[in-house]
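To keep things clear, I will list the structure first and then write my remarks on it.
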Amino acid sequence: MTEPIVQVSPAWAVLTPFLLMLLALTAAGLNGALVARTAGRPLRSGLAAPLGEVARLLRQRRQVTVAADVVLWRIGAAGLVVVAILKILVIPLGPWTLADLDVGVVWFNTMDVMTWALFWLIGWGANSAYALVGGYRFLSLAVSYELPLMFALIAPAVAARSLQVGDVVAAQQDLWFVIWMPVAFVIFCGSVIAFSSWGPFATGAGRDIAGGFLADVSGVDRLLILAGRYAVLTAGAAFAVPVFLGGGGGPLLPEWLWTIVKTFLVLAVFVAIRHRVPTIRPDRFAEVAWIIVLPAALLQVLVVAIIVVGS
Amino acid sequence: MLIDILFWALAVVAVASGVTVFVVDSMARATYALAVSFIAVGIMLVIVGLEYIGIITILMMVMEMAIMAVYMVMYMGMNPALMPMDMTHSKRWSAVLAVGTFVLLAAGALLIPWPARVGEPAADLTASLGEAIMGPNMLAMLTISPVLFATIIAGLVIANPRGRYDRWGDDLKRRTPNDPMRGGLGR
Amino acid sequence: MGLTSVLARWASKRVHVLIIEVPGWGASRMLLEAELDRRGWAVALSPADADLLAVCGMPGEELRAACDFVWNQLPGPRARVNVTGSGSLSTLLNEASAHLGDDSAQREDARSRSQNTVAEDSAPDAGEHDGMAPEEMDHGSMDHGMDHGEMDMPMPGGIPLAEGGDDRDGLEMDFLTVPFGPVMPHWPAGLVVDCVLQGDVVVSAQARVLEAVSAPTEVSTEEMTYLVEARLRIIRLCDHASQLLALAGWQTAAQNARRLRDDARWSADIAEHVAPLDRLRRRVERSVLLRWSLKGISLGGISVGRPVGGTDALAEAGAATPADQAGVAIRDRLIGWLHEAAALAATSSDTRSPAAGDLDRAREARDLLGALPALLRGTELGTARLLIAGLGLDTAALAPAHERTHD
Amino acid sequence: MTLQAVLLVAAALFCVGLYGALSQQVVVMVMMGLELMLNGVILAAGAFWWFLSPAPDGQVLLLIVIAAMTVEMAMGFAVATLLHRSRGSDMTDSATDLSG
């Protein structure tokens, strides 16, 4: 890839939600297929499971709990999808981008902080013990993953000497960042899984508290939250591509297709991890995050900074 | 024109949600109203060209309000959210003082003949900010970092009731600390 | 019209089922779960997530009240089945699915419900809130202003104010009384633990068991006769292991254990199960993450039941589960179960007589139930769930003993 | 959008915050009032910067205000915890030991 990333007309933004939801739906289908396989059913039955799920949630009535804070609850439920869409605005699709902000990396970080508020609001709004415990669990996890995530994002920005996503992609023409900042990449992926309340970090929606913040949502609200989780996960996977995986760079295929292929591969790994590892308990993870992961991220930034200054 | 409409809409949102903070009885709503106020101000900052500062403000304040809500729920116990109780004092004087200050500030804002703009903004404001804090203004940043670090330490010292003698025993020889909750590193 | 019927058809492919197990009817539940797996239906974690309420067994009065309460929390479209035998299971579910897809019936149901709730709302039943009705997901929260937006009432939502007390860090925190069970995923049948919580830490707990109206043995013996004691024990161990793994968040391993459990019921030669059981056990033993997340969670001084089996099985399993030693770690308990199941499968000649009598089992269950409050005190919710699952409580054994004391 | 307009909004925010900080009894609510005041300060500083002298140095000042807000919050939470622990309440009225 040689030509710089160009900003396209904002009108294209209309298409972004569709692309995002399509990818998210694919991820959900993959998840369904994997679940079907562990249960010993044919893979195909699982692939269609998300559609069945959508249909049943669209038919379902919304049940409101006693003395629920409906306003905040609905804001939390609807917010996840919105945040995911805002996230992918700064992600270039091959040679095109909608908004190459000066501060694209920080923009992504800000949007992921929104999930702090949203998941907690979902847990709070239901006015039920399990849901609230779920919301708190997410927050306590968030305090652990957020700082390492910030430093993991700073590493590529330091290497590119810019917070602009386009510059970060351009800086990877010769060598992808994932190769010389693997620690940052791993921390980033872990944080994406965590801020989507996914897989081993899904304690906020854990089975031990009857689904946590999902315990009391039904109908369209539930659909929005579940879709929002997939969307946020997808957006996280998509952001890994320009920041660590060289954007649209790759042989043969056109750049935009490479972006999608890489996104899907990262997403597939996230989905595959989901049921395969035991829960990482937030109360225990806190110590690990602050004593091991955060210093590791700082060291990574230091190494990157030394290399960049030296080169 | 569009910018003007956007600005005034944001201004209304910012002030209205600011007022909401002290009007609503729900702790969660109060906290998140403040967060909305900060988001509106953050966007206004982006409008006046302070992209980095504006977005950082949003990032920090949403984070802070998420934590703030937890503290509210934790400490307010019997609070206006559950029972309509008035948790205020000297309301009238506060209001008088606030309105007085507003009149003063507003008069200042409108009456002072502000000078014309000096200089032009840099082409890339974020980059220029980076150069400023890494160049001529490095001292400011060098001061802020120890202050922030000291804040972390001081906050922990104030809030944590348990010193190392509680954890490791009187002679500090306990092999695993005596914590109410187990950490993740097998200690 | 076309759209709704298309939605209904798609929705019927993935019904979410909330399962309520009556003590003693574990077999019905397991059969139901196997059938759900076969159909690709999902097990719901909470009433709000469910389309179909499946009550396995004949609940006693209190448990039936709990079922009715949960039934009211299903958002709808909803259906309800009572599973008491295996023969009709498939038709039962088909009928339920058809009922779920029947738009006019569901609309009728919704209409009658909304009328009911209006009536209920005008006269809030205070008694409903003090823990009699179990699993009150939406009434259980009586504390710290989780209730708001009802400023005009002295008690928002009819929920009284919380009282406070010092927590383990010496901060005064509100108490929240929450009954756990009997409708919870991966929960011993019929168990209710009335917890007082501070945040997600259990301050104190009291355990009781809601009984079945009749023991299931009469009903289900006919299909159980060929399942001798050893095989039943393997099934139960796999079930326990599966629940514990599910609570530890390890879905694939839990699913694996569940399939082994279901296979053990139908397979002709139980000895075939030795290898898969050992594989699962090794997988569990190898997982670093599981070791890390279960570390330090132990059953304290509670002596959990002796493994049943031949002498070598005893010795082997005993090595993994030091039953008499103080503080059985949950992870050892889990591995011990799998070990014991494998050992039983290896030595089983399908003719063994029961090793533990009914009385023994009842006494053991009673001891465990008695020890529960002390065990849970001061634990965090997730840990508490793991501990309860780790007990392997057999509430069915408890029920007859209870009846006896009542007589 | 003029400097005057932005300053008016900032003044409004500042005064609402002032009212809250003076009238609220609970420490956390007082903190919210302070935050709102600082919110106004940030907006005013941003406006001054843009309309009067958009030099890079001005942005540094804003960073410092944000840092001050962080410190205020962290210490506020710590003090609230301490008060709650030692008094069982976090009302400002009950913490008047130094008021003679």
Side-chain angles (χ1 to χ4, degrees), chain B residues 3-4 7 11 14-15 18-19 21-22 30 34 37-38 41 44-45 48-50 53 56-57 60 64 68 71-72 75-76 87-91 94-95 97-98 101-102 105-106 109-110 114-115 117-122 128-129 131-133 136-137 140 144 147-148 151 154-155 158-159 161, chain D residues 1 3-20 22-29 31-33 35-36 39 42-43 46-47 49-57 59-60 62-64 66-67 69-71 73-75 77-82 84-85 90-91 93:
Chain B
I3 291 285
D4 274 340
F7 169 76
V15 176
V19 173
V21 173
F22 303 107
L34 187 54
S37 177
F38 270 106
V41 168
M44 283 195 252
L45 289 176
V48 297
L50 291 163
I53 304 270
I56 281 287
T57 309
M60 247 190 61
E64 176 178 338
M68 179 86 93
Y71 273 84
M72 295 271 275
Y75 290 154
M76 284 182 69
M87 286 277 215
T88 54
H89 53 187
S90 45
K91 246 176 152 166
S94 308
L97 208 61
T101 317
F102 178 73
L105 288 176
L110 295 178
W114 297 108
R117 194 188 218 186
V118 181
E120 277 299 305
S128 74
L129 171 64
E131 275 150 20
I133 57 177
N137 294 89
I144 285 181
V147 166
L148 289 181
T151 308
I158 292 176
Chain D
M1 195 172 69
L3 174 62
Q4 280 84 353
V6 186
L7 285 183
L8 270 184
V9 176
L13 282 172
F14 185 86
C15 294
V16 173
L18 183 67
Y19 167 76
L22 289 175
S23 67
Q24 295 294 320
Q25 276 184 311
V26 184
V27 171
V28 190
M29 287 301 281
M31 279 167 63
M32 306 243 284
E35 302 266 318
L36 206 52
N39 195 10
I42 291 181
L43 185 59
W49 176 82
W50 178 249
F51 288 104
L52 296 186
S53 165
D57 294 3
Q59 291 195 56
V60 179
L62 279 159
L63 273 188
I64 293 175
I66 291 181
M69 235 152 72
T70 329
V71 173
M73 165 188 90
M75 295 319 285
F77 286 150
V79 168
T81 307
L82 187 72
H84 192 82
R85 192 190 302 286
D90 62 347
M91 305 285 228
D93 286 354

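Labels below follow one simple rule: chain letters A, B, ... track the order of the sequence lines, proteins then strands, and each chain is numbered from 1.
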Original post:
Below 4.5 Å, heavy atoms only, C-beta onward: do D:Leu8 and B:Leu105 meet side chain to side chain?
Top reply: no
Original post:
Which class fits the ring pair B:Tyr71 and D:Phe77: parallel under 30°, tilted 30 to 60°, perpendicular over 60°?
Top reply: parallel
**OP:** Kindly determine whether D:Leu36 and B:Phe22 satisfy side chain to side chain contact (heavy atoms under 4.5 Å, CB included), including the steps that lead there.
**Re:** CA-CA 11 Å; D:Leu36 206 52; B:Phe22 303 107; 3.9 Å; yes
Subject >> Criterion side chain to side chain contact (heavy atoms under 4.5 Å, CB included) on B:Val41 and D:Val9, from CA distance to verdict >> reply: CA-CA 10 Å; B:Val41 168; D:Val9 176; over 6 Å; no
**OP:** Quick one: pull up CD1 in D:Ile42 and CE in B:Met44 and give me the separation to the nearest 0.5 Å.
**Re:** 11.5 Å
Subject >> Residue pair B:Glu64 / D:Thr70, side-chain heavy-atom distance below 4.5 Å >> reply: no
Original post:
Should D:Trp50 and B:Leu50 count as side-chain neighbours, where that means a heavy-atom distance under 4.5 Å?
Top reply: no
Original post:
Which value, rounded to the nearest 0.5 Å, describes the distance between B:Asn137 atom CG and D:Leu63 atom CG?
Top reply: 10.0 Å
**OP:** Can you measure from CG (D:Leu3) to CH2 (B:Trp114) and round to the nearest 0.5 angstrom?
**Re:** 6.0 Å
Original post:
Considering only heavy atoms from C-beta outward, does the side chain of B:Ile56 approach that of D:Ile66 to under 4.5 Å?
Top reply: yes
Original post:
What part of D:Ala10 is in contact with chain B, defined as an atom under 4.5 angstrom from a non-hydrogen atom: side chain, backbone, both or neither?
Top reply: neither
Original post:
For the atom pair CE (D:Met29) and CE (B:Met68), what is the distance rounded to the nearest 0.5 Å?
Top reply: 9.0 Å
Original post:
When heavy-atom pairs shorter than 4.5 Å are enumerated against chain B, which of D:Met75, D:Glu35, D:Met31 gives the highest number?
Top reply: D:Glu35
Subject >> For chain D, the option from B:Val147, B:Val15, B:Val21 that forms the most heavy-atom pairs under 4.5 Å >> reply: B:Val15
Subject >> Side chain / backbone / both / neither for D:Phe14 at chain B, heavy atoms under 4.5 Å >> reply: side chain
**OP:** Please state whether the side chain, the backbone, both or neither of D:Ile64 comes within less than 4.5 Å of a heavy atom of chain B.
**Re:** both
**OP:** Apply side chain to side chain contact (heavy atoms under 4.5 Å, CB included) to D:Val6 and list each qualifying residue two or more places apart in sequence or on a separate chain.
**Re:** B:Phe7, D:Met1, D:Leu43, D:Ala47, D:Phe51
Original post:
From D:Met69 CE over to B:Met60 CE, what is the distance, rounded to the nearest 0.5 angstrom?
Top reply: 5.0 Å
**OP:** Answer with side chain, backbone, both or neither: which region of B:Leu97 has an atom nearer than 4.5 Å to a non-hydrogen atom of chain D?
**Re:** both
Subject >> Set of side chain to side chain contact (heavy atoms under 4.5 Å, CB included) partners for B:Ala109, sequence neighbours left out >> reply: D:Leu7
Original post:
Between D:Val79, D:Val71, D:Leu62, which residue shows the highest count of heavy-atom pairs closer than 4.5 Å to chain B?
Top reply: D:Val71
Original post:
With only heavy atoms counted, which part of B:Ile53 is less than 4.5 Å from chain D, the side chain, the backbone, both or neither?
Top reply: both
